[in-house]
Each structure stands twice: as C-alpha cells, then as structure tokens.
Amino acid sequence: MAKYSIDLQVGKVKESEASSTIGETIVGIDLGTTNSLVAIVKDGIAQAVAGPDNKNVLVPSLIHFAEDGSVLVGDEARPFLTTHPERTIYSVKRLLGKSYGDLSTFEDRFGYRIIDENEDRLVKIAVPTADGKDDRYYSPVELSAQILKTLKARIEQELGTPVSRAVITVPAYFNDSQRQATRDAGKLAGLDVLRIVNEPTASSLAYGIGLKDEDEGQTIAVYDLGGGTFDVSILRIEQGIFEVMATNGDTFLGGDDFDQAIVDYLTETYSLNLASPGLRGSIRLLAERAKKALSTQNSYSEDFHGTSLTIDRITVDSLFEPLIARTLASCGSALKDAELEKADIDHVIMVGGSTRVPAVQRAVTEFFGKAVNNTLDPDQVVALGAAIQADVLAGNQKDVLLLDITPLSLGIETVGGLMDPIIARNSKVPTRVGRKYTTSVDGQKNLKVAVYQGERDLVADNRKLGEFVLSDIPPMAAGIPQIEIQFYLDADGILRVKAMEHRSGQSQTVTIKSQYGITEEEMAEMLIDSITNAETDVAQRALVEARNEATNVLLSARKFLKQNESWLTEEQVAAITGYNDRLEAAVKGDDKDAINGRLQELNDYTTPLAHEALDRNVAAAIRDEQV
Ligand code: AMP
C-alpha cells in the first residue's frame with residue numbers, strides 16, 4: 001500500500017515549551033495558492049480573522065514590489081497584477097521547494113520571471129529594481145514569509161498581543177523540501193512553526209473528525225477544488241494519528257476552468273468579438289460572476305457592451321460536466337492507490353471555493369454514495385482546522401487524547417555541518433523514522449553518524465547527543481552506497497539510532513538518552529534562539545548548500561578533465577582549469593551569490609563539452625558494435 005505521510009495529530013505542547021509564552025494564542029494558518037488566511041479558536045469556537053478595514057478573511061496570496069521599494073501584500077497588490085505583472089507575484093506556493101527544472105514546463109504560466117540559475121537548485125524570482133536596470137532576486141521562502149508576516153500582523157492587531165507560534169498547513173503531497181521551505185518561511189516571518197499539518201487533516205479536524213479517540217478507525221475522502229488546483233486525499237484516522245493513504249489530483253484544474261468554459265460558451269452563442277485583452281479580462285470576470293450567481297439561482301443575465309447575455313443553471317451544469325468528470329476520475333485513482341472501495345469511505349469532506357457549485361456537490365455525493373460534509377465555509381475549512389490543531393497544542397481542548405510528544409527535533413549532521421532533522425519536534429512518541437543517505441567521497445569506507453537535538457540549521461548551534469561510526473563500507477564510488485539511518489524514539493525519550501549499508505548489510509546501532517541533562521529553561525531558550533536567528537540560519541544553510549553543490553561539481557569537473565584528456569584542446573583544458581580555480585576560490589569565501597555565479601560559469605562552459613563527450617562515447621560504442 002502506498003504510504004505518503006503521517007500527521008501525528010493530537011498532542012499537547014510540553015509545559016516547558018509553553019512556559020516562555022504563557023497564555024499566548026497559537027494561530028492556524030492556511031498558506032494557499034490563491035488565498036491565505038489565519039484563524040484562531042476563541043471561546044471554544046474556531047474562527048477566521050478578517051482585516052481591520054475590510055470584512056474579508058481571505059488575504060489574496062499576492063505580493064507587489066512597488067517601484068518606490070515598498071511591498072504590498074494581499075488585496076492591495078491586486079490592481080498591479082495587470083499593470084505591473086513583472087513585479088507582482090502570485091501562486092508562489094507552486095514554487096516553494098522547487099527547482100527551475102521542476103517548473104520550466106510551466107514557465108509561461110507565470111507573469112513574472114523565474115530564473116534558471118542551475119537546474120537542480122531552488123528557483124528564484126527576478127524582480128526589476130526601481131531604476132529597471134537590474135534585478136533583485138527573491139526566493140519563494142522570502143515571498144511566502146511576506147504573506148505570513150501580513151497574516152501575523154493581522155492577528156496581532158485583532159488580539160492586541162504579539163503572536164509567535166503557529167500551525168501552518170500544506171498539501172498532503174508536499175515533499176520534505178516543500179515542507180522545510182514552508183517552515184523556513186514561518187521562521188523568517190518570526191513564527192515558531194509548531195507543526196506543519198496536511199491540509200486534508202486540518203479539514204477533517206474542522207469537522208471534528210479525528211478529535212476524539214474513536215474505538216474504530218475512520219476513513220475519509222477530502223475533495224478540494226479551488227480556483228486553480230484540484231486535490232483529493234484519502235486519510236485513515238486511528239487513535240489520533242492521521243495517515244495519508246493516497247493523494248491524487250490535477251495542479252491545473254479548478255474554478256478558473258469553469259470560468260473559461262462559460263467564456264467559451266458566451267463567445268460562441270453571442271458571437272462576441274473579444275479583440276482586446278481588456279475585453280477578454282472583463283468577460284472572464286463576468287463569467288465568474290455568472291458562475292457564482294448560478295450556484296444559488298437558476299438564471300443569470302448581464303449586459304456586455306450593449307449585448308444582453310443570459311446563461312442558466314442547466315447550461316453551466318452541462319459545461320462543467322467534463323471538468324467534474326476529471327475530478328471523479330482522480331477520486332477513483334486515489335481509492336485504487338489506497339486499495340479501498342467507495343463503500344469504505346466513512347466521511348467525504350468538501351474544501352475549496354469551487355465546491356459551492358451545486359453540480360460538483362451532486363456529482364461527489366453520487367460518486368461516493370453518501371452525503372458530503374459541506375456545512376462550513378469551503379474557503380475557510382483548512383484554516384479552521386489548523387486553528388483547532390493549534391488549540392489542541394496549546395492544551396485548551398481538555399477532552400482530547402493526550403499523546404506524548406518529543407519537544408525538540410532529533411537529527412544528524414550532513415555535509416557542511418547542516419542539521420538534517422529526522423524526527424521533527426512535536427512528533428508523537430514512540431516513533432520510528434528512516435531516511436536514506438549516501439557517501440560524498442569515492443571509496444569512502446567509514447561514515448560518521450553524529451546525532452543532534454535542536455531546531456537550528458547548523459549542527460554547531462544544536463546540542464550534540466552522541467556519535468558513532470559505521471565502518472567497513474565496501475569501497476564504492478561516491479553516491480553509490482545506500483545507507484539507511486533509522487531513528488527509533490521510545491516513550492521514555494530513549495533514542496536508538498541504527499545505520500545500515502544496504503549493499504553490504506553492514507550495520508551499527510547505538511542507544512542515546514535524548515533529553516538527558518537538558519533543563520526546561522534550556523529547551524525554551526533553544527526554541528527562542530531558533531526564531532531570533534532565523535534569518536542568519538536560512539542564509540547560512542543556503543551558503544552551505546551552495547558550497548556543497550560547488551564541491552560536487554568541482555569533483556565531477558576534475559573527473560571529466562581526466563576522462564576526456566585525449567580529445568580536449570589545450571585551450572579547453574586551460575579554460576576548465578581556470579573556471580575550477582575561480583569556483584574553488586569562491587567556495588572558500590562566504591558569498592553564496594559568488595559561488596553560484598562561478599558555478600554557473602563553469603556549467604555554461606562545460607555543458608556543451610559534456611554533450612560532445614557523450615556523442616563521442618555513443619559513436620565509439622556504435623563503432624565497437626560494428627566491429
Ligand atoms: P479557492 O482557491 O478555494 O479560494 O477557490 C476559489 C474558487 O472558487 C474560484 O474559482 C471562485 O470563482 C470559486 N468560487 C467562489 N465562490 C463560488 C461560488 N459561490 N460558486 C462557484 N464558485 C465559487
């Protein structure tokens with residue numbers, strides 16, 4: 001059975017964590033592709049929070065970098081989407097934790113410029129500087145942090161007190177790097193992210209599903225149809241633990257496609273001439289108004305430049321039918337992946353603005369053969385669930401099952417002194433997590449496994465719990481050995497770490513007392529440090545990652561020189577050596593951009609040569625065959 005990720009849902013923050021911020025509200029945040037919102041539990045009821053000057057709880061996930069250097073977020077940024085698309089960023093969630101290579105096929109879907117520094121590295125967004133002569137680069141983490149800062153300010157204004165702790169939701173299919181990017185964004189915004197929660201898990205919590213310790217487990221389908229994306233997730237909840245059994249969906253299917261179907265219909269029926277972008281924009285807005293109106297009424301008419309356009313419910317139902325059918329096909333695939341039948345689903349939950357469309361509700365009800373949960377505002381469900389999770393962590397939901405959790409992350413040191421958390425803080429114990437690693441040097445025989453506890457990005461700033469060496473790894477080229485590190489943390493906080501090389505079967509285990517000798521004050525201090533140092537930590541990590549990559553590329557470049565010396569010209573060898581030397585010098589410095597720049601130069605120069613080498617190898621292989 002395919003297993004994706006687990007939300008260790010129910011649990012309280014240990015007293016020690018709460019001590020520095022007694023009574024402070026923990027907020028729930030839905031950081032969405034199109035809209036974001038913040039919610040809290042107040043007087044026992046989860047509620048989304050509106051801005052002081054408008055009644056809207058939704059903050060459009062838009063960021064505008066004005067020419068005067070100011071940054072506008074949300075509704076204020078909207079007008080600039082059409083006037084200054086190159087400095088108005090939308091859908092940043094689609095970029096989080098992604099490399100340019102992941103995104104290049106979608107490049108034309110962005111009105112702003114994403115840059116291709118190197119296929120493997122995380123993508124950046126280039127925004128022209130005020131004089132238009134240069135660009136400033138922003139990472140998706142920095143951009144998401146802007147949205148989070150706006151939400152933080154909004155809730156602080158509402159409560160009249162500072163807020164520093166949050167639960168943030170992510171799609172169930174987000175991988176480690178996307179989750180880490182979300183955490184980093186929280187840190188940069190000055191938020192201690194107590195948990196990253198899967199959106200379908202939050203949606204279940206919003207409907208009260210999984211809050212109580214039911215005797216029998218429950219299986220839930222969460223159908224999430226937004227403006228631009230569709231997701232379906234199948235969850236299994238057992239004793240407070242939410243397991244994502246399958247996810248499916250379409251990253252480019254949503255309400256926007258409903259609008260387009262209406263535009264196409266009206267254009268054809270009324271022979272509309274939509275020559276200008278302005279007309280095309282206004283007919284789209286009209287189509288969306290019609291769609292929304294037809295969710296509650298049977299017919300809709302509006303004048304469009306002298307032509308009275310009418311469309312009715314029956315027509316849109318048939319227009320939407322093929323789009324809805326695609327979502328149902330995804331539901332079918334998700335069930336299949338989870339090895340379940342429709343009848344196994346106990347609850348169906350509707351999320352996302354487009355689930356207001358009656359034809360969608362009907363089709364989903366029919367498909368699963370049971371009434372759907374749709375009483376909450378579908379735009380708010382995720383944030384409300386996040387707020388409930390936050391409230392549970394704050395210890396306010398007394399009748400909720402209390403599970404033991406680990407208060408600090410446990411992880412190991414990876415290349416360059418980076419902390420790689422294996423068991424995230426606030427994970428329920430006992431727990432077992434495994435992760436695969438490999439070697440970074442050819443013929444490496446020993447691997448040092450150093451175990452740390454803490455939330456900082458560099459191990460030097462965390463607490464070392466112990467180390468051991470996995471020895472006698474058979475000599476192999478760097479990157480070939482498959483080393484699995486397993487962490488097993490028992491209910492008493494005893495950590496057992498096992499390292500095993502899969503090809504040779506070599507293994508080594510040590511036992512460590514994870515929280516040994518740490519006082520509650522020290523623990524609180526470590527957490528506060530991780531927030532106050534967020535900006536330098538994130539920058540430090542970026543620098544180390546750039547150095548690591550540069551070191552790898554340097555190794556490959558040297559290998560390449562050796563393997564191809566027979567045909568490379570003297571000039572080519574000299575050029576590569578020169579680029580290598582410059583990159584090596586940059587690696588010794590502290591300037592990440594310089595390292596990336598030198599790396600780019602080396603790559604630009606060697607890529608065509610690498611292609612040539614490949615062609616020569618292929619030609620040689622064919623010659624051999626013919627011989
Ligand atoms: P979300 O991304 O979840 O905020 O969903 C936004 C999408 O929901 C947009 O495509 C909206 O047009 C659509 N939407 C919002 N309200 C309605 C409604 N009453 N009927 C149909 N679609 C709606």
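The shown structure was predicted, so the numbers you read here are calculated from the model rather than taken from an experiment. Remember, it's 1-based here, ligands and their atoms both numbered in the order they're listed.
- Side-chain contact between Lys291 and Phe258 is present, with at least one heavy-atom pair separated by less than 4.5 Å.
- Which parts of ligand 1 touch Gly226 is read off a 4.0 Å heavy-atom cut-off, strictly below it: atoms 1 (P), 2 (O), 3 (O), 5 (O), 7 (C).
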Criterion side chain to side chain contact (heavy atoms under 4.5 Å, CB included) on Lys149 and Val71, from CA distance to verdict:
CA-CA 12 Å; Lys149 272 186 200 157; Val71 184; over 6 Å; no
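- Annotation: side chain of Phe230 is in contact with side chain of Tyr223 (closest heavy-atom distance under 4.5 Å).
- When heavy-atom distances to ligand 1 are checked against a 4.0 Å cut-off, Ser295 comes that close only through its side chain, counted from C-beta outward.
- Smallest separation of non-hydrogen atoms from Ile155 and Val38: CB-CG2, 4.2 Å.
- Annotation: atom 4 (O) of ligand 1 to nearest protein heavy atom, Asp379 OD1, 3.1 Å.
- Of the polar atoms of Lys291, at least one N or O is found under 3.5 Å from an N or O of ligand 1, judged by distance alone.
- No side-chain donor from either of Glu321 and Ser318 sits under 3.5 Å from a side-chain acceptor of the other.
- Residue Gly255 approaches ligand 1 through these ligand atoms, each under 4.0 Å from one of its heavy atoms: 10 (O).
- For His347, there are no ring pair (Phe, Tyr, Trp, His ring centres under 6.0 Å) partners, not counting sequence neighbours.
- Looking at Asp250 and Arg326, their side chains come closer than 4.5 Å, going by heavy atoms from C-beta outward.
- Of the protein's non-hydrogen atoms, the one nearest atom 19 (N) of ligand 1 is Arg356 CD, 3.4 Å.
- By the criterion of a heavy-atom distance under 4.0 Å, both the backbone and the side chain of Lys292 are placed next to ligand 1.
- Within the 4.5 Å cutoff, the side chain of Ile345 has no heavy atoms near those of the Ile220 side chain.
- Not a single heavy atom of Gly254 sits under 4.0 Å from any atom of ligand 1.
- Compare Gly353, Gly227, Ala287 by their heavy atoms: the one nearest to atom 14 (N) of ligand 1 is in Gly353.
- Close contacts of ligand 1 with Thr34, meaning ligand atoms under 4.0 Å from a residue heavy atom, involve 2 (O).
- Where the criterion is an N or O separation shorter than 3.5 Å, residue side chain and backbone included, Val357 fails it with respect to ligand 1.
- Residue contacts with ligand 1: Gly352 is placed with no nitrogen or oxygen under 3.5 Å of a nitrogen or oxygen of the ligand (distance criterion only).
- Around the CG atom of Leu285, the shell of radius 6.0 Å holds more than 12 heavy atoms that belong to other residues, nucleotides or ligands.
- Of all atoms in ligand 1, numbered sequentially from 1 with element shown, those under 4.0 Å from a heavy atom of Asn35 are 4 (O).
- Atom 11 (C) of ligand 1 has Glu288 OE2, 3.3 Å as its closest protein atom, hydrogens excluded (heavy atom only).
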